[in-house]
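Structure, as structure tokens:
Chain identifiers are assigned alphabetically (A, B, ...) following the order of the sequence lines, protein sequences preceding nucleic acid strands; residue numbering begins at 1 within each chain.
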Protein chains: 2
Amino acid sequence: MGRRNISQIRRAEYAAAAYRTLMKHGLQGTSLSRVAEEAGASKANVLHYYQSKEALLSAALRYANAVLCKEAIILLREAKTPWERIYAVLETNLSPTSFRTDVAHAWISLCAGVPHITSYQRIQTVIYARMRSNLIGPLRSLLPEQDANLMSDVLTTAVDGLWLRCGLSLDGLSQDAARDQLDAVLDARLPASEDRQRARDRMIDVSRIMASMSNNRS
Amino acid sequence: MGRRNISQIRRAEYAAAAYRTLMKHGLQGTSLSRVAEEAGASKANVLHYYQSKEALLSAALRYANAVLCKEAIILLREAKTPWERIYAVLETNLSPTSFRTDVAHAWISLCAGVPHITSYQRIQTVIYARMRSNLIGPLRSLLPEQDANLMSDVLTTAVDGLWLRCGLSLDGLSQDAARDQLDAVLDARLPASEDRQRARDRMIDVSRIMASMSNNRS
DNA sequence: TTATAAATAAACCATTTGGTCAATTTACGA
DNA sequence: TCGTAAATTGACCAAATGGTTTATTTATAA
């Protein structure tokens with residue numbers, strides 16, 4: 001049993017360690033030795049499971065993305081109406097698991113590397129594509145196509161900006177403040193309605209419940 | 001005349017070279033040797049005018065900020081009404097001098113460094129404070145205080161997000177697309193009006209004229 | 001023209017980087 | 001119990017990093 005198994009386990013361990021290091025020390029401060037230290041292993045062994053530093057960091061970022069993705073899927077499964085789907089996507093990005101200073105640091109580090117490291121570009125592309133495809137459906141059912149496209153872009157931009165700020169502010173950015181901003185952005189094309197308000201409340205609630213569940217499990 | 005003068009000249013030269021290097025190679029790829037090469041000088045001499053790499057890069061970013069700041073001042077001087085002032089601020093951030101892939105790269109690099117390098121934090125703080133103070137005045141004269149504060153935050157966030165995307169997209173992000181997004185954000189609290197439309201058109205025009213002027217000069 | 005101080009750069013240094021390799025430990029199958 | 005293949009690591013390497021020191025050029029003031 002210990003043949004292929006241990007390989008997968010180690011790869012996951014080291015990817016997670018790399019991600020933690022990325023959060024703490026940024027791209028600059030994330031060296032192989034530091035990741036190895038974080039994982040409690042030798043540098044040589046880390047490099048035994050990943051051919052290069054770039055491969056390791058790519059894995060780290062895919063890992064982080066997978067976490068976010070899983071959360072999105074769960075929330076979206078609970079969403080029944082278009083409005084609920086929209087808020088599911090937004091709440092995913094504001095969830096206490098993700099919307100944190102250290103997590104934002106890691107992502108900004110990724111962004112800084114994108115222009116120079118091709119494998120990072122692919123990851124970014126995937127992330128954007130997923131967010132867009134999750135938003136565009138429900139938006140189309142509430143708006144004419146052109147406005148739906150515009151709102152999808154504007155919301156994505158806003159989420160990016162919020163994460164950036166979350167990473168930069170010393171004290172981070174409160175979840176509530178971020179939520180208010182996104183709601184304001186929605187107002188641009190979508191008037192307040194009872195449907196919307198109810199969907200918002202429900203998805204916030206679902207997100208809260210999910211957060212408390214994963215807290216208990218850890 | 002060549003006493004204190006040359007010192008100032010060299011410092012400016014090297015800061016500009018550092019900024020150029022930052023745009024091309026990111027924070028990771030910006031080493032003292034590379035900056036020296038870009039400046040056509042020796043590494044030792046660069047370090048003669050800046051005590052450390054960190055000091056050099058801080059100067060580079062202050063230099064970049066000064067460029068943006070100068071443009072903002074010129075545009076704001078032309079702005080007479082609240083709406084014109086708002087669009088002056090926004091157009092500054094979309095100006096062809098600034099809203100470019102390589103420039104965005106440099107700023108993202110700065111952002112990635114902020115959590116770990118204290119002098120970068122100060123620069124970021126200054127930039128945010130200036131933008132906010134430029135926006136909050138005209139917004140207050142069009143909106144109740146609470147909404148003005150919110151819109152100031154939302155606009156800042158949107159600009160951040162747009163720059164991020166501009167830096168990440170292979171092909172960059174077109175000025176027009178970015179402008180559409182910002183206009184949509186404005187719609188959230190401020191209805192379309194003749195005043196607004198006129199102000200928008202005028203500031204776009206002023207910005208265009210400015211750009212063509214600085215093109216001729218170079 | 002010469003003395004002097006600033007500007008510049010070549011050589012050097014300690015440290016760290018990503019990465020290799022050969023040796024050793026571990027653990028499972030027969 | 002033993003042999004073998006995988007897991008793990010310490011030692012090592014060349015390259016690059018930020019930074020220092022020392023020597024040399026340059027230019028100015030007297």
Side-chain angles (χ1 to χ4, degrees), chain A residues 1-22 24-61 106 109-110 112-114 116-120, chain B residues 1-22 24-61 109-110 112-113 116-120:
Chain A
M1 74 180 183
R3 290 198 322 279
R4 181 57 45 94
N5 230 346
I6 228 175
S7 174
Q8 289 175 289
I9 291 173
R10 287 285 172 278
R11 283 179 63 91
E13 265 179 27
Y14 296 159
Y19 177 58
R20 267 176 278 138
T21 314
L22 217 50
K24 278 189 233 163
H25 304 285
L27 195 54
Q28 292 251 67
T30 298
S31 64
L32 285 174
S33 2
R34 226 188 306 232
V35 173
E37 190 190 14
E38 172 77 36
S42 73
K43 183 178 60 167
N45 201 29
V46 174
L47 233 45
H48 172 73
Y49 289 102
Y50 288 98
Q51 311 86 317
S52 68
K53 185 194 185 180
E54 197 184 312
L56 171 65
L57 292 191
S58 295
L61 295 164
S109 291
L110 163 69
V114 163
H116 312 286
I117 303 174
T118 53
S119 53
Y120 291 6
Chain B
M1 72 181 184
R3 290 197 322 279
R4 183 54 46 95
N5 230 347
I6 228 174
S7 174
Q8 288 175 290
I9 290 173
R10 286 287 170 276
R11 284 180 62 93
E13 264 178 27
Y14 295 159
Y19 177 58
R20 266 176 280 138
T21 316
L22 217 49
K24 278 190 234 163
H25 303 285
L27 196 54
Q28 291 250 67
T30 298
S31 63
L32 285 174
S33 1
R34 232 196 293 239
V35 173
E37 190 190 13
E38 173 77 37
S42 73
K43 183 178 62 167
N45 201 30
V46 173
L47 234 44
H48 172 73
Y49 289 101
Y50 289 97
Q51 312 85 317
S52 69
K53 185 193 186 182
E54 197 184 313
L56 170 66
L57 293 191
S58 295
L61 294 164
S109 292
L110 162 69
H116 311 286
I117 304 174
T118 52
S119 52
Y120 291 7

Walk me through whether B/Leu57 and B/Tyr19 qualify under side chain to side chain contact (heavy atoms under 4.5 Å, CB included). CA-CA 7 Å; B/Leu57 293 191; B/Tyr19 177 58; over 6 Å; no
A/Leu61/A/Leu22 under side chain to side chain contact (heavy atoms under 4.5 Å, CB included): CA gap, chis, key distance, verdict: CA-CA 9 Å; A/Leu61 295 164; A/Leu22 217 50; 3.8 Å; yes
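B/Arg10 has a side-chain polar atom (N or O) that falls below the 4.0 Å cut-off from OP1 or OP2 of C/dT8.
Contacts of A/Glu13 classified as salt bridge (Lys or Arg N to Asp or Glu O under 4.0 Å), with partners at least two apart in sequence or in another chain: A/Arg10. With sequence neighbours excluded, no residue forms a side chain to side chain donor-acceptor pair (under 3.5 Å) with A/Ser52.
Ranking C/dA7, C/dG19, D/dG19 by closeness to the A/Lys43 side chain, first place goes to C/dG19. The side chain of B/Asn45 has C/dT8 as its nearest neighbour among D/dG18, C/dG18, C/dT8. Set against C/dG19, D/dT17, C/dA7, the side chain of A/Lys53 has C/dG19 as its closest nucleotide. The side chain of B/His48 sits closest to C/dA7 out of C/dA7, D/dT20, C/dG18.
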What does the list of N/O pairs under 3.5 Å between the protein and nucleotides 21-24 of chain D look like, with a distance for each?
none

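The stretch residues 31-42 of chain B comes close to DNA chain D through B/Ser31, B/Leu32, B/Ser33, each having a heavy atom under 4.0 Å from the strand.
Here B/Tyr49 lies in heavy-atom contact (under 4.0 Å) with sugar-phosphate atoms only.
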Donor-acceptor list for residues 26-33 of chain A side chains, cut-off 3.5 Å, not counting sequence neighbours:
unit_1, atom_1, unit_2, atom_2, d
A/Thr30, OG1, A/Gly26, O, 2.6
A/Ser31, OG, A/Arg34, N, 3.3

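Sorted by first and then second residue, the side-chain hydrogen bond (donor to acceptor under 3.5 Å, both in side chains) pairs with a member in residues 39-50 of chain A read A/Tyr14-A/Asn45; sequence neighbours excluded.
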